[in-house]
S.K.: 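Below are the structure tokens for one structure; questions will follow.
Order of appearance sets the numbers: ligands from 1, and atoms from 1 within every ligand.
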Amino acid sequence: MPLTCRGRVRGQEPSRGDVDDALGKFSLTLIDSLDTLVVLNKTKEFEDAVRKVLRDVNLDNDVVVSVFETNIRVLGGLLGGHSLAIMLKEKGEYMQWYNDELLQMAKQLGYKLLPAFNTTSGLPYPRINLKFGIRKPEARTGTETDTCTACAGTLILEFAALSRFTGATIFEEYARKALDFLWEKRQRSSNLVGVTINIHTGDWVRKDSGVGAGIDSYYEYLLKAYVLLGDDSFLERFNTHYDAIMRYISQPPLLLDVHIHKPMLNARTWMDALLAFFPGLQVLKGDIRPAIETHEMLYQVIKKHNFLPEAFTTDFRVHWAQHPLRPEFAESTYFLYKATGDPYYLEVGKTLIENLNKYARVPCGFAAMKDVRTGSHEDRMDSFFLAEMFKYLYLLFADKEDIIFDIEDYIFTTEAHLLPLWLSTTNQSISKKNITSEYTELDDSNFDWTCPNTQILFPNDPLYAQSIREPLKNVVDKSCPRGIIRVREESFRSGAKPPLRARDFMATNPEHLEILKKMGVSLIHLKDGRVQLVQHAIQAASSIDAEDGLRFMQEMIELSSQQQKEQQLPPRAVQIVSHPFFGRVVLTAGPAQFGLDLSKHKETRGFVASSKPYNGCSELTNPEAVMGKIALIQRGQCMFAEKARNIQNAGAIGGIVIDDNEGSSSDTAPLFQMAGDGKDTDDIKIPMLFLFSKEGSIILDAIREYEEVEVLLSDKAKDRDPEMENEEQSSPENDSQNQSDEQVSSSSQEVDLVDQESSEESSLNSHPESLSPADTDNVASISPSEQTSDPTENHETTNLNGECTDLDNQLQEQSETEEDSNPNVSWGKKVQPIDSILADWNEDIEAFEMMEKDEL
Ligand code: DMJ
């Protein structure tokens, strides 16, 4: 926890949900970073770290952990540590005392994970209790029915290594069985796999398919299992899937999820950050061209936001603004540099390092970005940051002599742990599968770019990679908003009318209503004037129309979720700029619906002071203390607007309301906007921001320690770098005091004070990132396409110069002026319960599937 400078101990911090399943009270970060120390030539530190692991780590904790995360981070970490420990021992200088202790620990952990495989399918349960396993009542797990494909398909490297290192074949057998089952269950006509699968029946639960979240490392492990174990069947499976990926999911430079049964139908209009590993995998496969293209597209998104947001739309807008310092893009950059030798990739690496130092580095480590748009932090530094990011960035710039062993003798697991390639010839007790009976030789055209090495393929063309990147140079900046694309392209080319797009739909257009009817979509006029759209695929004129209807509904939902986000005020940033923080700590703050709008005005900077009374609900008794400063006030007992008026009266230049609910944090609670008091709040001129208790206590602790604490309130954190330190050193404290005084006098002239009665606070819950990308899929709320105004207002438009019109503004305008219209969801404040939306949606999908079956 790099902001509060503590370790995160499961159970001692508020639960963050699934993400905590990686924590098993087993010193995760220490184990995950063991082999990084050796790569970075910190051999002495490695030796110390191994001793600490052996001395302190307990694997027998009563904690429910993720089987996948425990495998890739802990088992992988122990095995990577063991691999390098024996390498060092053999060299004769370090680790001479080492006697396979890490391997013994890995074996103990391996046996702890085995009960998870006790299913008829052989697919593991997603979670296990380290002490009690699966079934026992005290285990608190074992009732799950689903797991993700990557969760079940990312075991073979670690499990096979464990078997081969120890001679205990059971681990490799179990991992192979799970992979065999997934292969059997692939959708036979598309050769794709879905995101989640029922571990008992093998039915696909989520039938969307991409190369990012939920599937990613399943593909990675098929190819790497072939490399490590030399078993042809893994390569054949990988090639079969790869062919399908390139046919359906790859839409260069994009990689877009599709439906496994209808692979020409895109499943969403956004991409997640996890797919950034894919160019690296393509390099390993030898398919350099699309790797260069996708990597370039991702790099441009990064240049725009400093980091890759967790999810971004096909027109490169932020869909989910968090960035937990994921390493995938650095990983791909490393592999592309190795393959091409193009110094461009060193420049890319330099940018990544500069951004990390500039925006993420805090006194106790590197903090995840809570929101790439504001630059605010989250008190979190996941173990993969040291396991992967450090390793790949170091290796990118390292010469062969910088590394004390030959990195080419090892394969990287998905967590970048190193396993020696000599394992392929050790303890091969499991019979290799030869060509699977179902394997059909693939058309070679997909592998045109497959090669042992680009130096051989393009020996006289050092500009090869550049020539591929060049046409994509402006792909992000010049991109026009795209909706769902590539729907039955062939039929449009042959003259058929393209299907109705959600963005174009107008409920007053008779032609549109006719199309809806054909697609099986009915329009219901609700009593309150809203309209609701419901699709019954079975009522569609044909299966093609039903498919169009499904796509239309999905587009509507995506559009509405987009609009909902656009209507929300983004979070703000509170940046601590005084010594010793120098702008490095940025806290996520909620905005207010009143007072100075920080997105329109320059930021406000000033020292902080607690108000008396601390709740700010009456005239302040310490106006001299808050005069010209940013007042800290506790939430509760009166309205936010009243607090603002009281501190403004006392001469404060801004206010930070700190939550009175102890332990609350923006990591675990959705941020909200502070609402006004229902009356005119134009008299409030100062900026007001809200901090949850944990973020607030970072400021309060800083005051206790350093007394004078200066902060910057803004919509986006200011660059923090030596400049800020210099600024601080050259501007004596009273400079900023003077500046603050000026601000106060100008703002107080404009202040028109109004007395308010005390009443209860109200707030508008509007955290844009409170749903994960997966959560947002089926739920939406949208302003209707207008039924009377100029139809062009609702269109995605490109003018004759090819420049994009600002769709965001159009949508914003729409949302301000229009009432509700809806595809099976409700608009505005009257939101249909999620369960009912999902039920309707599932009903539609079931009907659609039923219809498909009938057709067959
Ligand atoms: C890592 O833990 C692994 O790379 C995993 O396969 C997915 N991604 C995370 C980091 O983003």
S.K.: Who's the nearest protein heavy-atom neighbour of atom 2 (O) of ligand 1, and how far?
M.R.: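 Protein heavy atom at minimum distance: Glu415 OE1, 2.5 Å.
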S.K.: Starting from atom 7 (C) of ligand 1, what is the nearest protein heavy atom, named by residue and atom, and what distance separates them?
M.R.: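 The answer is Glu328 OE2, 3.7 Å.
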S.K.: If you measure every N or O of Glu69 against every N or O of ligand 1, does any of those distances drop under 3.5 Å?
M.R.: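 The answer is no, given that Glu69 and ligand 1 share no N or O pair closer than 3.5 Å.
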S.K.: Indicate, with yes or no, if the rings of Tyr111 and Phe171 have centres closer together than 6.0 Å.
M.R.: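 Centroid distance Tyr111-Phe171: below 6.0 Å, so yes.
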S.K.: Counting each atom of ligand 1 from 1 as listed, which ones have a heavy atom of Leu274 under 4.0 Å away?
M.R.: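 It comes down to these atoms of ligand 1: 7 (C), 8 (N), 11 (O).
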S.K.: Going by an N to O cut-off under 4.0 Å, is there a salt bridge joining Asp56 and Lys52?
M.R.: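 So Asp56 does not pair with Lys52 through a salt bridge.
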S.K.: Give the numbers and elements of all ligand 1 atoms closer than 4.0 Å to a heavy atom of Ile72.
M.R.: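 Answer, ordered by atom number: 2 (O), 3 (C), 5 (C).
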S.K.: Pull out every atom of ligand 1 sitting under 4.0 Å from any heavy atom of Pro327, numbered as shown with elements.
M.R.: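 Listed by number with element: 10 (C), 11 (O).
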S.K.: Given that the side chain starts at C-beta and the backbone is N, CA, C, O, which of these parts of Glu388 lies under 4.0 Å from ligand 1, counting heavy atoms, or is it both or neither?
M.R.: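 Answer for Glu388: side chain.
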S.K.: Give the residue and atom name of whichever protein heavy atom lies nearest to atom 6 (O) of ligand 1, and the separation in Å to one decimal.
M.R.: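 Going by distance alone, atom 6 (O) of ligand 1 is nearest to Thr414 OG1, 2.7 Å.
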S.K.: For the aromatic rings, using the six-membered ring if either is Trp, is the centroid distance between Tyr394 and Phe390 under 6.0 Å?
M.R.: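 Ring centroids of Tyr394 and Phe390 are no less than 6.0 Å from each other.
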S.K.: Quick one, Phe312 with His305, criterion ring pair (Phe, Tyr, Trp, His ring centres under 6.0 Å). Give me CA distance, side-chain angles, the key distance, then yes/no.
M.R.: CA-CA 11 Å; Phe312 52 95; His305 303 291; 8.5 Å; no
S.K.: Between Arg326 and Asp382, does at least one N-O distance fall below 4.0 Å, as a salt bridge requires?
M.R.: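 Answer for the salt bridge query: no.
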S.K.: Against the six-membered ring of Phe238, is Lys285 placed for a cation-pi contact (under 6.0 Å from the centre, within 45° of the normal)?
M.R.: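 No - Lys285 does not lie over the ring of Phe238 by the 6.0 Å and 45° rule.
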